[in-house]
Amino acid sequence: MFKKVLVANRGEIAVRIIRACRELGIETVAVYSEVDRQALHVRYADEAYLLGPAPSSESYLRAEKILDIAKISGADAIHPGYGFLAEREDFASKCADANLVFIGPKASSIAAMGDKGKARATVLKAGIPVVPGTEDVGNMTDEDLLKVAPTIGFPLLIKATAGGGGKGMREVTSLDEMPTLLASARREAQASFGDGNVYLEKLVSGARHIEIQILADTQGNVIHLGERDCSIQRRHQKLIEESPSSFVDEELRSRMGDVAVKSAKAVDYVNAGTIEFLVDKDKHFYFLEMNTRLQVEHPITEMVTGVDIVAEQIRIARGRQLSYTQEQISINGHSIECRINAEDPYNNFLPSTGRITHSLLPTGPGVRVDSGVYPGFEITPFYDPLIAKLIVWGETRAQAILRMRRALEEYRIVGVRTNIPFHQTMMDSHRFMGGQYDTRFVEERFSMNRSEDGSNDSEIAAILATLVAHQQIERSAQIVRRGERDVSNWKWVGRWERMHR
Amino acid sequence: MFKKVLVANRGEIAVRIIRACRELGIETVAVYSEVDRQALHVRYADEAYLLGPAPSSESYLRAEKILDIAKISGADAIHPGYGFLAEREDFASKCADANLVFIGPKASSIAAMGDKGKARATVLKAGIPVVPGTEDVGNMTDEDLLKVAPTIGFPLLIKATAGGGGKGMREVTSLDEMPTLLASARREAQASFGDGNVYLEKLVSGARHIEIQILADTQGNVIHLGERDCSIQRRHQKLIEESPSSFVDEELRSRMGDVAVKSAKAVDYVNAGTIEFLVDKDKHFYFLEMNTRLQVEHPITEMVTGVDIVAEQIRIARGRQLSYTQEQISINGHSIECRINAEDPYNNFLPSTGRITHSLLPTGPGVRVDSGVYPGFEITPFYDPLIAKLIVWGETRAQAILRMRRALEEYRIVGVRTNIPFHQTMMDSHRFMGGQYDTRFVEERFSMNRSEDGSNDSEIAAILATLVAHQQIERSAQIVRRGERDVSNWKWVGRWERMHR
Amino acid sequence: MKYITTIEEKSFNVEVVDEDHIRISDRLVKVDFESVSGQPVYSLLVEGNSYEAYVQEADDAWQILLKGRLYTAVVIDEREQRLKAAGGAGLAESGEFNLKAPMPGLVISVLVKEGEPVVKGQVLLILESMKMQNELKSPRDGIVNRVRIRSKESVEQKQTLLTIL
Amino acid sequence: MKYITTIEEKSFNVEVVDEDHIRISDRLVKVDFESVSGQPVYSLLVEGNSYEAYVQEADDAWQILLKGRLYTAVVIDEREQRLKAAGGAGLAESGEFNLKAPMPGLVISVLVKEGEPVVKGQVLLILESMKMQNELKSPRDGIVNRVRIRSKESVEQKQTLLTIL
C-alpha cells in the first residue's frame, strides 16, 4: 500500500489531490515549473521539485523527469490529475515499469479509451450508439480526413484523439475552410497533449452534453454516480456544469448509467472515469468519448452523492474495494459549478494575465471553492485560464441557482479580469433558469448585453465613475493633505476615553 | 410576509444572516458602527446605516436607533443574530410594538428563558433536573448571594442572568474571594449585555457541556436537531464544538432531545433555540440554560443534518410550518467547528488587534468558513475576538479531525495573531482524538508546549530564522541591487522565444 | 467641481460638492465613498443603499463593474467640456487605432496586410496564450496602416501589434 | 555570513554561503527560500522538503510558527558573538522589564504597587479589550519599579504600563 504520492499536475487539481492525500495521511510530492515556484500546490505539498521552465513541454509534460523525481523522493504512486500526462498510455506504462502505482486506469484501458478514435470503435462493438464520424483508428492524414468529411456531412467537428477539454477542437461548416482548421486543430492538440492526431465527428444540433461519472475497482465492481450536464460551453470549453441535469429523468439516468457501466466494462476499466454522451431533443443518446481520468467538474457529483471521488481513486489504486455499492448511491439536492477563468467576457473572452492583488472568496453554507491561486500569485500565459471552480449545493435547482448568484456577487478577484460577470449574466438568464439550453446556447443565443430588466444602475455607475475620476484629479493635484489618513488608532483612543469618563 | 430584514448585528453572524436572506430573495439592511464602515456585512447588504461610535453601547446596543433605521429603510423584520440585543426581552417587545417581525422567540419566552435565573425555576417546575444553584429569580444583591453561596457549596460559578458566551462568568473556590469576583462579573455582564445581574450555580466537575438545537414553529411543532458537544472551553468560552458528541449514544440523544423539546414547550417557544446541559460522567444530565437565539456553533448542526437553520428561522418567522418533521431529521457523518479568535495562544490568549494584511482561506471538499473579515480589514478592540469559524464535515469523526488538521494547516492570517496553533495542538492531542475531555480539559490538562513527538522541526525553524535575519541585514545594508526584482515578464518573453525557435 | 458623465448616450451632471455630498440632476445627495483595502474596488453608500463596484480606467474612459454588469463611463469636467465645445465635435472619432496585445503571447498568424481595408469585427491576427488561440478583431472599419509584428514572434502585454487608420 | 542560531538551548551554526546554499552543522545544503506575496510568510524548499512558516521579529528574537508550533530563535552573527564574548556573559539576564500593553484597552485595575516584590506568573494588572478582561502577568521574579498608568485609564498598544526591576 503506497504512502507517498507524486502529483504530476499544477493548479486547483493538484491542490485538490494534495488535500485528499493529506486527509488520508499520505505524504505528497509536488512538481513545478519555474513560474510556479510559489504556486499553492508547491506550498501545500510535503515535498516539491523543480521540473524546468514554464512551457508545459519543458515542465509538466516531461514524463521521464517526473519519473526520476518519483524515484528520488521515494514516492510510490503518481496521480496525474487531468490534462498534461493524465491520458497518456505510455506514461501509465512507464509508471508500471518503474514499479509506481498509477492512480488511474490501466495503460490498456487508456489505449482503448484515451484515443478517442479507438474508443468509438470499441464501444460500437459493444453495441453502444456513437455520433457518426470517422470510424478509422489512429493516424489519419489530412488527405484522408478531407476525403471522408463529405460522407459524414457538414457541419462537423475536428477533435483531438488524445484530447479533452475542447482543446484541438474546431467546427467545420464547409470543405473549403477545412484545411486551415485542420492545421490549427493539430497545432493546438500538439501543444496541449503532445499529440497532433485528430478525428472527425458529426455536429449534432440542439443536443445536450451529458456525462456519467463511473467508479470501478480492481475486484470488478463498477458503479455510476449519476450524470453531469455540461452543455453550457463556449468554443467547446465547458463553463458551467450541473448535477443532476434538469433534462434527465430517473429512467434516462438509469439507462445512461447502465450504458456507461457497460462501456467501462468493455475495456476492463479500473478507477474513476467519465463517459460523455450527446443527448438529442428526443432523449436519444450517443457515446462521445470516455475521459479516463478525474474530471474538472467532479466536485458537483461529490456534492450530490457525498462520495469523495479523489479519495475513492486512491482507495481503488490501493487495491481495495469500492466503499459503495450502486444501491448505496443516491442523488441528494442539486449542485452547480461555475468555472472561474482569467478571461474577459466583455472582450471576446480573451485570456487575462497579471498578478492577483486582492481576492475575497465567497464562503458560507453550501459553497465550495476549489482554487489554485491567492493574492500575490501571478497568472501567467503558459497554462489553462482556469483559476478557480465555484461550486454550490442547494436542496433544489432553484436554491442552487440563488446560492450561486449570491456567491458570484460576493466573489472579488482584483488584478486579472475574470468571467464572473458571464456567470452572473447566465444565472440571471431566463433560459438557464428554465433549464432550456443546449451546447450551442452560449454562442447562439446568449449575450453579455443584458436587455433592460429594470435593474439598471447606470446612475450609480455614473456616480462611482465621477467620484473615482474626481479622486484621481485631486490626487494628481496633490491637494490631499498627508497624514490625514491612518488616524484611526488615535480616534479609538479618544473615543475609548470619552466612553469611560 | 416580510420582504426586507434589518440585521441588528455585525461580524460573521451578520454576514451569515445576509447570505440566508439573499438566497431567499429577501432584501437586507445592515447597521454599523464607525469602525465597521468597511465591514463585510456593510459591503454585502443592500442597504447600510450608521449607528454611532465604535463602543457597543453607542452603536449595536442602541435599540431605539435600530428601530428608527428599520422604519426609515422600510424593513419589516429584524434578525438580532447572537449577543447584543438578541436576548433582550424589551427589544423583542419594542419590535412587536413597531409592527416589526422579530426573527426569534416571543418576548415572553425570552423573559422566561433569557433570564437564566427565571429559566431554572421554569424548567424545574416542568420536572427537568437543573444544576444546583440560586433558585431565586432576578435581582439578588451581593449580600444575598454571599449568604446563599455556602449552601450551594464551593467551587461554584457566578453567571450573568442576561448572559451567554461565558461573559460575566467567574469561578469561585472560596467565600473570601467572592466579593471581588462578584464585582468583576457584574462589570463584565453590564458591559456585554447592559445588565449586571448575576446568579450562582454549582460547578459540576468532570462534566461535558452538551446542548440540543431545537426548532419550533408557530403551529406548535417542536423538533430537535441532535446535540453539539461544546466541552472544549477556556474561561467558559467555547473554542471547539462537535456534532454528534462522541459521548452521546442514540438512547441519551433521544432522552435529551425529548427533554429539550419539553423545555421549549414549557415556555411556548417559537423559532430556533438551544438547551444547554451539563452531562456528568454517569450520563446524568442537568439543565444549564436556554439560549433563545441562533448559536455561534449552529453550522455544525447544519453540516450533519442538512438543515439550513437560519433559513428555517426566517421560515418560522414568516408564520410557515417547519420544513421537517422529527422523523425526517437524521445525523449524517460528523462535523467540527474551530472558533478562530484574534488571540495569541502563546501569550495567555491575549486579544490581538491590527489590520489583516493577508489571508488564505482553507477551501475544498467538506470545508466551510464563516467569516466577517478579509485582507485590509482592521480588527479593533471593541468587539468579540471571533474573526472566523472553521467548520469541517467528514464521514466519520476521525475523517473530520484529519480534515480539520489539513484545513488549519492551510489557513493563513497575517496581521493579527490567532488561536489557530491552539486548534492544531488540540487536533493532535491524543485525548481529543480519543474523545476524552470535559469542560476543564483546556485549563487543567492541556498545554501549548508539545511534548517531543518526533515531529520537531527546530532545525528547519533555525534555518528559517537565520535566512530571514540574513535577508534583513542585507536589506538594511542596501546591498540588494534595485531593479533585480520584477523581471519576470522579461524572463517569460525570453523563454517563450527560445521555446518557439 | 462639476462633471458631465456619460454612459451609453445618457449624460449625468454630477457635481462633487464636498467630501460627503454630490449634486446629481439638481438633487443634493449624501454619499459615503471609500476604496476597499486600497484596491480599485469601491464601496458607495448613497441614500442608505450599499453598492460595491470595481472601477478601472480604460482608454480615456472608466469601466464600472457593478452587480455583474459592465458600464463604460466617460467623465469630463466643466473645463474639458468647454475646451471640447470650442475645438468642435468629431475630434474623438478620427485618429488611428492601435491594436495592442491584451496579454503576452505568440503571434500565430497575421491575417491582414498593410494598406488593406478592414471592417468592424474582422479578425486581424491570432495570438496564442494560455494554450488557446485568440482572435483579435478590428473595433471599426478602416485601413491597415502599419503591421509591427510578424507571425511566430512573441509579444509582450500592451505591445502595439498593428494600426488601423 | 556565519550565524549562530539558538532555539531552546540548542545552537545551530548556520552559514549563508550564497543565495541558494547554506551550511548547517558542516553540511552544505541547497535552499530555495522566498517570501510569499511580500508577507512575513516564507516558503522554504530544502532537500526536496517544502515548508512554510510565519517568521516575525519579537524582542531581539525571531518567532517561527511552523506546522502549528511556535519556535523562538535568537540569531547572532559572528561579529555580535565576538562582541558578546568580550563583554562578558549574563548581560542579557539583568536590566529592567517593561510591561507593554499588548493591545489598546482600558486599565481595569492595577494589582501591584511601586516597590512591591513580585514573582513570575503573578498578575500585575487587568486590561479590558474585546469585551474581555485580560490578566497581564509578570514574566519573572523582581520588584515593581515604576507604575506609569492608573486604573480607568485607556492605553494604546505598546504603551509601557509598568517596569519590573
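Per chain, numbering begins at 1; letters A, B, ... match sequence-line order.
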>> With chain B as the partner, which of A:R405, A:R368, A:K389, A:M404 has the greatest number of non-hydrogen pairs under 4.5 Å?
In response: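 Looking at each option in turn, the highest pair count goes to A:R368.
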
> chain B: which of A:Q399, A:E302, A:R43 shares the most heavy-atom pairs with it under 4.5 Å?
Replying inline: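 It is A:R43.
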
> If you take all heavy atoms of B:P375 and A:S359, which pair is closest and at what distance?
Replying inline: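 Shortest heavy-atom separation between B:P375 and A:S359 comes out as CD-O, 4.3 Å.
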
> So, for B:L360 and A:L40, which heavy atoms are closest and what is the spacing to 0.1 Å?
Replying inline: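 Shortest heavy-atom separation between B:L360 and A:L40 comes out as CD2-CD1, 3.8 Å.
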
>> If I measure from the heavy atoms of chain B, does A:R403 come under 4.5 Å with its side chain, its backbone, both, or neither?
In response: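 For A:R403, backbone and side chain are both near chain B.
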
>> Counting only non-hydrogen atoms closer than 4.5 Å, does A:P299 touch chain B with its backbone (N, CA, C, O), its side chain (CB onward), both, or neither?
In response: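 Contact with chain B: none, neither part.
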
Contact winner vs chain A - [options], heavy-atom pairs under 4.5 Å:
options	value
B:E395, B:H358, B:M303, B:E410	B:E410
B:G364, B:G394, B:P362	B:G364
B:V367, B:D308, B:V310, B:D370	B:D370

> Residues of residues 11-26 of chain A under 4.5 Å from chain B (heavy atom pairs)?
Replying inline: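 From residues 11-26 of chain A, the residues near chain B are A:R16, A:R19, A:R22, A:E23.
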
> How would you list, by chain and number, every residue that makes a ring-ring contact (aromatic ring centres under 6.0 Å, His included) with A:Y411, sequence neighbours excluded?
Replying inline: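 Expected list: none.
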
>> Given heavy-atom pairs under 4.5 angstrom as the criterion, report whether the side chain, backbone, both or neither of B:R406 touches chain A.
In response: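 It is both, since atoms from each part get that close.
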
